[in-house]
Amino acid sequence: MEEGPNLQAAGSLSSTTHGGGLTEKECEDMIQRSLRTPMVKFLKEQMEKSGCRFRDNFIRAVHCDKQIAGGYVRGEGIMVCSNHMNIQDEVNQVVIHELIHAYDDCRAANLDWTNCAHHACSEIRAGHLSGDCHYKREFLRGFMKVRGHEQDCVRRRVMKSVMANPYCSEAAAKDAMEAVWDVCYNDTKPFDRAP
């Protein structure tokens with residue numbers, strides 16, 4: 001598998017990997033179960049309403065050498081890194097996160113994954129809307145505070161992802177995130193409000 005800048009640019013960074021991961025077949029089975037969840041079905045419908053094709057193999061399991069949970073590549077679809085997955089919830093989260101990137105790519109004809117602000121915006125939206133930063137997930141990652149944990153989590157994960165983009169230095173990633181934060185954090189499309 002070639003992991004170009006788009007996979008890095010729209011990738012989910014895995015914080016830790018426990019166990020040995022799944023085989024690609026096990027992961028493919030979990031992806032199929034994911035496709036039946038209400039959130040994934042909704043995102044898929046919204047992509048199709050926006051005029052984007054959702055092929056049978058749009059989401060697939062692959063073995064990844066890099067420490068990422070998955071990624072979205074324009075024109076290729078979504079990859080879930082089977083060897084970094086262990087349970088259904090992890091697969092569901094990656095599929096949802098990456099579908100938000102795919103939705104953003106679909107609705108914004110000029111989205112440029114090499115542009116740090118564009119990348120940061122999609123990461124802010126994916127982190128905020130996917131449930132990546134739900135307090136239970138944060139607690140299991142060892143991050144917890146009573147107030148403001150969700151925005152801190154989104155900021156932390158945006159920085160990790162955008163800094164992995166070869167076109168974005170740490171300073172550029174931080175500047176881009178801060179510049180687009182309010183607009184992108186409050187953009188909940190295709191949802192009426194953040195789930």
request  = Identify whether the distance between the nearest side-chain nitrogen and carboxylate oxygen of R156 and D132 falls below 4.0 Å.
outcome  = no
- Are any of the side-chain nitrogens in K25 or D29 under 4.0 Å away from the carboxylate oxygens of its partner? yes
Under 3.5 Å, is there a donor-acceptor pair linking the side chains of [X] and [Y]?
{"X": "N92", "Y": "S34", "answer": "yes"}
{"X": "H118", "Y": "D112", "answer": "no"}
{"X": "Y185", "Y": "E150", "answer": "yes"}

Within 6.0 angstrom of D192 CG, more than 12 heavy atoms from elsewhere: no
Quiz prompt | Neighbour count above 12 (heavy atom, 6.0 Å) for D56 CG | solution = no
Worksheet item: Would R107 and D187 satisfy salt bridge (Lys or Arg N to Asp or Glu O under 4.0 Å), going step by step from the backbone distance to the final call?
Response: CA-CA 13 Å; R107 74 179 181 141; D187 177 0; 2.4 Å; yes
Grab the two heavy atoms, one from [X] and one from [Y], that are nearest each other, plus how far apart they are.
{"X": "E76", "Y": "R55", "answer": "O-NH2, 2.9 Å"}
{"X": "A61", "Y": "E28", "answer": "N-OE2, 2.8 Å"}
{"X": "H97", "Y": "A126", "answer": "CE1-CB, 3.5 Å"}
{"X": "R157", "Y": "C133", "answer": "CD-SG, 3.8 Å"}
{"X": "C168", "Y": "V162", "answer": "CB-O, 3.4 Å"}
{"X": "S122", "Y": "H101", "answer": "OG-ND1, 2.6 Å"}

Residues passing the side chain to side chain donor-acceptor pair (under 3.5 Å) test with R60, sequence neighbours excluded, are none
Measure the [atom1]-[atom2] distance between [X] and [Y] for me, rounded to the nearest 0.5 Å.
{"X": "I68", "Y": "C81", "atom1": "CD1", "atom2": "SG", "answer": "4.5 Å"}
{"X": "W181", "Y": "R155", "atom1": "CH2", "atom2": "CZ", "answer": "4.5 Å"}
{"X": "C184", "Y": "M177", "atom1": "SG", "atom2": "CE", "answer": "11.5 Å"}
{"X": "N83", "Y": "D65", "atom1": "CG", "atom2": "CG", "answer": "7.5 Å"}
{"X": "T37", "Y": "Q88", "atom1": "OG1", "atom2": "CD", "answer": "8.0 Å"}
{"X": "D104", "Y": "C121", "atom1": "CG", "atom2": "SG", "answer": "6.5 Å"}

Check the pair K189 / Y103 against side-chain contact (heavy atoms from CB on, under 4.5 Å), numbers first and verdict last.
CA-CA 9 Å; K189 287 185 178 92; Y103 176 81; 4.0 Å; yes
**Message:** Before you tell me yes or no, could you show the steps for M85 and M30 under side-chain contact (heavy atoms from CB on, under 4.5 Å), namely the whole-Å CA-CA distance, both residues' side-chain angles and the distance that decides it to 0.1 Å?
**Reply:** CA-CA 10 Å; M85 299 291 108; M30 288 188 179; 5.9 Å; no
Sorted by chain and number, sequence neighbours left out, disulfide (SG to SG under 2.5 Å) with C27 holds for none
When you compare the side chain of [Y] with that of [X], does any pair of heavy atoms fall below 4.5 Å?
{"X": "F42", "Y": "L99", "answer": "no"}
{"X": "M79", "Y": "Y72", "answer": "no"}
{"X": "I31", "Y": "V80", "answer": "yes"}
{"X": "E170", "Y": "M159", "answer": "yes"}
{"X": "L43", "Y": "I100", "answer": "yes"}
{"X": "T23", "Y": "S82", "answer": "no"}
{"X": "Y167", "Y": "W113", "answer": "no"}
{"X": "E24", "Y": "H63", "answer": "yes"}

Exercise for the section: Treating Ile, Leu, Val, Met, Phe, Trp and Tyr as nodes and any side-chain heavy-atom pair under 4.5 angstrom as an edge, say whether M47 and F191 lie in one connected cluster. Expected result: yes
| said: Keeping E98 on the side-chain end and V95 on the backbone end, is there a donor-acceptor pair under 3.5 Å? | reply: no
Sequence neighbours excluded, the answer for side chain to side chain contact (heavy atoms under 4.5 Å, CB included) partners of D175 is none
Report task. Begin from the C-alpha positions of S161 and E123 and carry the test side chain to side chain donor-acceptor pair (under 3.5 Å) through to its verdict. Result -> CA-CA 7 Å; S161 187; E123 289 296 345; 2.8 Å; yes
Query - D89 vs Q93, side chain to side chain donor-acceptor pair (under 3.5 Å): CA-CA, chis, key distance, verdict - result: CA-CA 6 Å; D89 183 64; Q93 278 308 118; over 6 Å; no
